[in-house]
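Working notes, beginning with the structure itself.
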Amino acid sequence: MMRIAILCSGGDAPGMNACLRAVVRTASTMGVEVVGVRHGYQGLLDGDFYESGDGTGVMSARSVSHIIQHGGTILRTGRCDEFRTASGVRKAADTLVANNIDGLVVIGGDGSLRGAIELGKVWSGRIVGCPGTIDNDLAGTDYTIGFLTAVATAVEAIDKLRDTAESHERLFLVEVMGRGSGYLALFTALASGAEFACIPETPTHSAQMVSDISVLKKRGKASIIVVVAEGDDDGGIEVLRGELEAEGCPYPLRSVKLGHVQRGGSPTPADRILASEAGDLAARALIDGKSGVMAGRLAGQMQLTPFAEAIAGTKTVPLEQIQLLKRMSV
Ligand code: ADP
């Protein structure tokens, strides 16, 4: 009987559970055993497997019942520095060989896929990835699993901040996650009706911003929301706040970091469906003999993208959406 393993790695993202459920159910239906690995790559180093009750670590179709609606991951996730070393990767490969594992599904972001590439160099088994990250920074999929839920969470928070900003006639700087990508900030800004998004992909000129903000003030805007990506090149939300104040921003300023709330919560239906499709395709591809590829949905079509392409950093925020935000902020 074929045996595959599955792990979640790196930052957690809503929908990882839905993806795990799909891999387990599709593989089980195809007569393949799925061994759950806990705590990401660290679990491979430690032989830390899913507690199945019988010591095998095997996840049955029932073991993933009623998890589709939950954020986080029942397998836990983790970051593992030892796995970044050659001996760590070797140790992980030894665990897979010792447990007669033929294939591995990795649910995670770009770092996790980089790790998968390294593992593939020393282990003869097959590896398929699923894009689990709120950052939406992987090519080969329009959206990564968890991204749209994180946008929804940030928008809900900003709707509340808008109420208080409007009442006090303030400007709020709101920092969102996204690492080096501006996707989360831009989509959050568009969906929350924010006036500005400061993202790594475009330069932030505080003097120009204050000039634009002053025009909006004259036009009668009571409040301003500026969504700032954590990876914005400007040096962080407090630096930007200081610069706007120094340039004579006409509104009193407040700054808020949304932080880890963006990672949690129940995945949206869109994320549950994407996660199910990606997990299903990953399991089928792996069983079919594919390796070194990530399952994603691009322009409505499920497809497999080589790891190197997925992590190449070619995914860029759409210029037309940057322009849309400008046209909406009048
Ligand atoms: P994400 O997958 O969400 O981008 P990280 O970048 O933290 O998260 O990566 C998750 C884990 O993947 C790391 O803790 C490490 O164990 C592994 N990893 C990341 N980059 C590499 C690499 N270049 N080589 C080997 N392992 C890596």
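Just so you know, these numbers use all the heavy atoms, side chains as well, and skip hydrogens, waters and symmetry mates. Just follow the structure's listing: the first ligand is 1, and inside any ligand the first atom is 1.
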Checklist entry - Any salt bridge (Lys or Arg N to Asp or Glu O under 4.0 Å) pairs touching residues 182-195, not counting sequence neighbours? => result Arg162-Glu195, Glu195-Lys221

Item to check | Where at least one partner belongs to residues 57-76, residue pairs that pass side chain to side chain donor-acceptor pair (under 3.5 Å), sequence neighbours excluded | outcome: Arg25-Ser65, Arg62-Ser65

Next on the checklist: Quiz question: by atom type and distance under 3.5 Å, do the side chains of Thr204 and Asp232 form a donor-acceptor pair?
Outcome noted: yes

Next on the checklist: According to ring pair (Phe, Tyr, Trp, His ring centres under 6.0 Å), who are the partners of Tyr41, at least two apart in sequence or on a separate chain?
Outcome noted: Phe83

Checklist outcome for this item: At a 4.0 angstrom heavy-atom cut-off, ligand 1 is contacted by Ser9, Gly10, Gly11, Tyr41, Arg79, Cys80, Phe83, Arg84, Gly109, Asp110, Gly111, Ser112, Arg114, Gly115, Glu118, Arg179

Item to check | Asp135 and Ser181 side chains, donor-acceptor separation under 3.5 Å | outcome: no

Next on the checklist: I'd like to know if the side chain of Glu230 reaches the main chain of Gly178, judged simply by a donor and an acceptor atom lying under 3.5 Å from each other, with no hydrogens or angles considered.
Outcome noted: yes

